[in-house]
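In what follows, every chain begins at residue 1, and chains take the letters A, B, ... in the order their sequences are listed.
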There are 2 protein chains.
Amino acid sequence: MTKTNRIPLNRDRVLAAAVALADNGGLESLSMRKLAQEFGVVPMALYKHVANRQALVDAMIDVVFAEIELPDATGSDWKTAMRRRAHSVRAALLRHRWAVGLMESRENPGPPNRRHHNATMGCLREAGFSLRDAVHVLSALDSYVYGFALQQKTLPFDTAQESREVVERVGRRIDADAYPYLIEVTTELAKSGYSYDEEFEIGLDALLAGLTTLELQN
Amino acid sequence: MTKTNRIPLNRDRVLAAAVALADNGGLESLSMRKLAQEFGVVPMALYKHVANRQALVDAMIDVVFAEIELPDATGSDWKTAMRRRAHSVRAALLRHRWAVGLMESRENPGPPNRRHHNATMGCLREAGFSLRDAVHVLSALDSYVYGFALQQKTLPFDTAQESREVVERVGRRIDADAYPYLIEVTTELAKSGYSYDEEFEIGLDALLAGLTTLELQN
DNA sequence: ACCTGAACACCGTTCAAGT
DNA sequence: ACCTGAACACCGTTCAAGT
């Protein structure tokens with residue numbers, strides 16, 4: 001490595017580069033060695049700024065949490081607030097798909113993570129939910145939002161157009177006699193496509209409607 | 001490798017050993033090299049039975065799907081059937097935590113996967129849901145079940161006792177002035193613990209209740 | 001104080017060779 | 001037909017050394 005006048009490394013630049021790498025190629029393509037290369041630096045130079053790869057990923061999760069809009073405890077009704085929160089979480093996970101499945105994995109959450117959960121619990125408590133019921137509402141919504149993001153991440157198509165192509169390709173290989181209901185659904189989806197946005201909304205509406213029961217018990 | 005009278009390798013034995021390894025140490029601890037060692041065989045010997053590591057994991061997913069109980073289309077009402085299915089999926093994912101997040105990731109699902117989705121769609125269609133509504137119900141339930149499994153997998157405690165310990169440890173490090181609602185919830189959970197089973201049931205009830213709206217539209 | 005270089009113990013997978 | 005051995009291009013992380 002020749003002596004050049006590089007901007008010195010710092011934690012934020014390392015994190016930003018790591019997030020960019022993972023956004024492009026997924027978490028498994030983010031290696032300490034590639035990340036070092038981004039800065040024209042030897043891999044070991046990174047270890048001054050992050051303890052190890054796991055600590056790097058943990059810090060990246062906080063970057064994602066920081067992008068999520070905080071629910072407003074004193075504003076509109078809880079359903080509107082929770083709906084906005086769900087959309088904000090989903091949007092962040094679509095920008096950073098590598099983070100899907102890792103959002104709740106840290107034993108020591110960073111400040112953005114704490115701020116987020118504190119604000120969300122605050123919103124529900126101020127809306128009149130008992131503590132246990134607020135936990136139930138948050139747990140159910142998080143499960144739904146994270147699970148939906150998981151399916152969108154792992155399913156092999158993204159747009160309605162792609163869905164038609166994949167479904168058609170898969171459908172052609174299905175034994176129609178053995179799996180009549182699969183044929184039915186692939187035929188329909190191949191014809192009219194599939195919108196993740198609509199699907200997300202419908203399930204979210206159903207869940208929020210179902211959770212109203214908890215509200216009425218207070 | 002000395003010449004011994006080994007049972008010859010075959011696909012099923014390879015898969016079973018791979019699942020056992022992943023059950024114990026997680027997916028990242030399942031390497032082709034370690035798997036080969038289980039059989040006292042050189043890594044390359046495995047490549048006669050699986051194309052590569054990705055194909056191995058894909059086949060393992062089918063092993064998990066095969067363990068899930070098929071919903072009965074002609075039996076009880078759809079809510080009961082979907083509730084049983086949700087429990088069966090969750091149970092399989094608790095036995096095989098490495099599979100959480102991978103269940104819907106294959107472009108070419110194997111027979112157990114197809115049987116499962118065909119039976120589930122069949123159950124909903126026979127219950128009177130329109131095709132699109134059956135898709136909505138299945139998508140919402142899968143999101144919830146997979147998302148819940150994800151949180152249980154990644155959250156750093158399992159039993160109610162462990163939850164108390166972790167929550168107490170984490171709680172001690174929280175700034176009470178900055179995060180009052182977090183303090184409130186950690187205090188409560190440290191006192192009375194947290195049961196994943198109860199939590200799962202409450203959210204599932206709410207979602208099923210909310211999905212009834214779709215049923216009434218038919 | 002900060003960065004480097006060599007080394008260690010791992011990976012998945014290739015290719016050509018052995019029996 | 002089935003298994004092997006050596007090799008290649010990667011990993012994360014250590015340690016001791018350089019400036």
- Just by distance, with hydrogens left out, do A:His116 and A:Arg85 show a side-chain donor and acceptor under 3.5 Å apart? yes

- Query: Of all the nucleotides listed (C:dG5, C:dG12, D:dT13), which has the minimum atom distance to the side chain of A:Tyr47?
  - Reply: D:dT13

- Message: Can you tell me if A:Arg84 has over 12 outside heavy atoms packed within less than 6.0 Å of its CZ?
- Response: no

- Message: If you assign B:His49 and A:Met32 each to the DNA chain D nucleotide with the nearest heavy atom, which residue ends up on the more 5' nucleotide?
- Response: B:His49

- Taken to the nearest whole Å, CG/B:Leu9 to C1'/D:dA1 is 13 Å

- Whole angstrom is fine here: how far is it from CZ in A:Arg53 over to C1' in D:dT14? 18 Å

- Round to a whole Å and report the spacing from CD of A:Gln37 to C1' of D:dG12. 15 Å

- Rounded to the nearest Å, what distance is computed from the NZ atom of residue A:Lys34 to the P atom of nucleotide D:dA9? 16 Å

- Rounded to whole angstroms, how far apart are CG on B:Leu46 and C1' on D:dC2? 13 Å

- Message: Using heavy-atom distances to pick each residue's nearest nucleotide on DNA chain C, tell me which of A:Arg33 and A:Ala45 is more 5'.
- Response: A:Ala45

- Take atom P in C:dA9 and the same atom in D:dA9, then report the distance between them in whole Å. 22 Å

- Query: Parallel under 30°, tilted from 30 to 60°, perpendicular over 60°: which one fits the rings of B:Phe148 and B:Tyr144?
  - Reply: tilted

- Round to a whole Å and report the spacing from CG of A:Asn52 to C1' of D:dC11. 14 Å

- Item | A:Arg90 charged N/C atom sitting above A:Phe200 aromatic ring, 6.0 Å / 45° | yes

- Message: If we count only N and O atoms by modelled type, under 3.5 Å, do the side chains of A:Gln151 and B:Ser143 hold a donor and an acceptor together?
- Response: yes

- Across all strands, who's sitting opposite D:dT19 as a Watson-Crick or G-U wobble pair, both distances under 3.5 Å? C:dA1

- In whole Å, what is the span from the NZ atom of B:Lys48 to the P atom of D:dA1? 9 Å

- So which nucleotide does C:dC11 pair with, by the Watson-Crick or G-U wobble rule with both distances under 3.5 Å? none

- Note on the structure: From CE of A:Met44 across to C1' of D:dA17 the rounded distance in Å is 13 Å

- Side-chain atoms of A:Pro43 come closest, of D:dT13, C:dG12, C:dC2, to D:dT13

